[in-house]
Amino acid sequence: MTTNVQPIVSDEAYDVEAIRKQFPILKEQIRGKKLVYLDNAATCHKPQVVIDAISNFYSHDYSNVHRGVHTLSERATKKYEDARKKVQQFINAESSDEIVFLRGTTEAINLVAQTFGKANIGEGDEVLITAMEHHSNIVPWQMLCKESGAVLKVAPINEKGELIFDQFEALISDRTKLVSVVHMSNALGTVNPVKKIIDLAHAKNIPVMLDGAQAIPHLAVDVQELDCDFYAFSGHKLYAPSGIGALYVKREILEKMPPWQGGGDMIRTVTFEKSEYNSIPYRFEAGTPNIVDTVALGTALDFVSEIGIEAIAKHEQALLDYATEKALKIEGMRLIGTAEDKGAILSFVLDKVHPHDIGTMLDHCGIAVRAGHHCAMPVMDFFEVPATARASFAMYNTFEEIDILMDGIENLIEVFG
Amino acid sequence: MFEDLRDLYQEVIFDHNRNPRNFREMEDSNRKVEGFNPLCGDRMTLFLKVEGGIIQDASFQGSGCAISTASASLMTEIVKGMTEKEADEQFEILHKITTSEDEVENLEELGKLAVLAGVREYPARVKCATLPWHTLSAAIENKEASVSTE
Ligand SMILES: Cc1ncc(COP(=O)(O)O)c(C=O)c1O
């Protein structure tokens, strides 16, 4: 009953079966069916090497970091700092001092709003975002604006879910103190023209922050080439554990940023009269950090780099093209987000079936998709839908899984009739 | 393909989803409450006409999944003619069937609500079934505000 679309072989050298073997969870049965995991934009699964990195570290290397002369502390510190270098290389930052470890994208954006934002954005100033932001790139700015009297400006999107660039440009004013945009949208898949945005903002001396939560597992990111001032991402969407992420900040900005949380590690000397703060990036990492997951993030980056982000991107793009072509042939299925430049996300609604029912029904076929507003309620409002269903792809997904998804969708349309 | 889902998506649910009963705005209502499930974006408006402690009429509007639409549709049918206290008791029954760990012994006694018993296997969907009833509860307490399942 499926429409006849030939799978495109993404790359002869790309061995998806070999990749799948490295992810133990993919062997799980869900409600008696083989798991088809298509909720990767929410979070993706972990390869054995990452799982092992956690238990190996606890078994052999664990100790606190930056605060001991004993062997284990030195070993733990080295591995922790090696992970910082791996992040630096992965996004091609100039120096590892520009990498701050945090819980994830959300914490990174909040840090920027509360430190850089409070120091540089005052009454009547403006922060410019887009209409396709995740709540985590809206709410921290709203909080800052409320405190400081600054104004949040929102650049509109068109019906394909693309930023309307002219209007974005028109919203830049003398009062714009920061532009913060999503690199790739989680609700629509849209990849923003970030280089163009950065060049435009920089011509007016406005710094630019990129929310890289979705882009990082799908696109090669080079912060020096982009010339962005801030870049935030989460490890858990990049095959690393949850609870660890990183914020890149250009050195000259990071050095001037006031500290955020106070405590151990972020200071050099403390007396009751005053404390002298530590150098970057430690000034922004108060307290004992998430040591083990940071080390495992380093392992995940090695794993991704070995396969090659370009090869992964090519495979995922082929999956997306295949899925899109099939989806367009299904009557009553409407894609939300049809940007020209789009990553591995297929957001959709069905005429007669609510996304929540789609989610439950597909779960019964072993298929995990997300149903909801994807933490992007303004995007839902724009498309006048309460929610969408979303299939999102990762390095380990296959064309066969897309066939299973589309068969499931056709079947449930029939059942709901 | 979806055979084992029949517990959740019973024919009655499909029927109420396709043709929701009392799906209309009520001109002469004296209670009107908005219900919202922020988790899925479902919204409903419940209209009641309460006179002398009796629910004379109940209707709803809004957009939701099959479970919440069917639950709202059923609810408006069930509570019409009931006292406010009786309606509250029905909510308690629903609460019991959707969340209790124990086997529901006598489905017969539950009356029409029994068709919603399937959601207990789907914890993420319980709120879909209870949203209309939370909204009703607020209307009974005469809260004009909006309620949310969170
Ligand atoms: C575009 C985008 N930004 C930010 C976030 C927030 O990331 P986290 O929850 O890991 O902090 C997400 C995650 O869903 C996202 O997709």
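Proteins get letters first, then strands, A, B, ... in listed order; numbering begins at 1 in each.
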Would you say B:Glu86 has more than 12 foreign heavy atoms packed within less than 6.0 Å of its CD? yes
Hey, is CD on A:Gln29 packed in by over 12 heavy atoms from elsewhere, all under 6.0 Å? yes
With a 4.5 Å heavy-atom cut-off, do A:Asp357 and B:Arg125 have their side chains touching? yes
Near-ring test B:Tyr122/A:His356, centroid separation under 6.0 angstrom: no
Pairwise distance CG(B:Asn17) to NE2(A:His354) - rounded to 0.5 angstrom: 10.0 Å
Can you tell me if B:Glu27 has over 12 outside heavy atoms packed within less than 6.0 Å of its CD? no
Are the side chains of A:Phe416 and B:Arg18 in touch, meaning some heavy atoms are under 4.5 Å apart? no
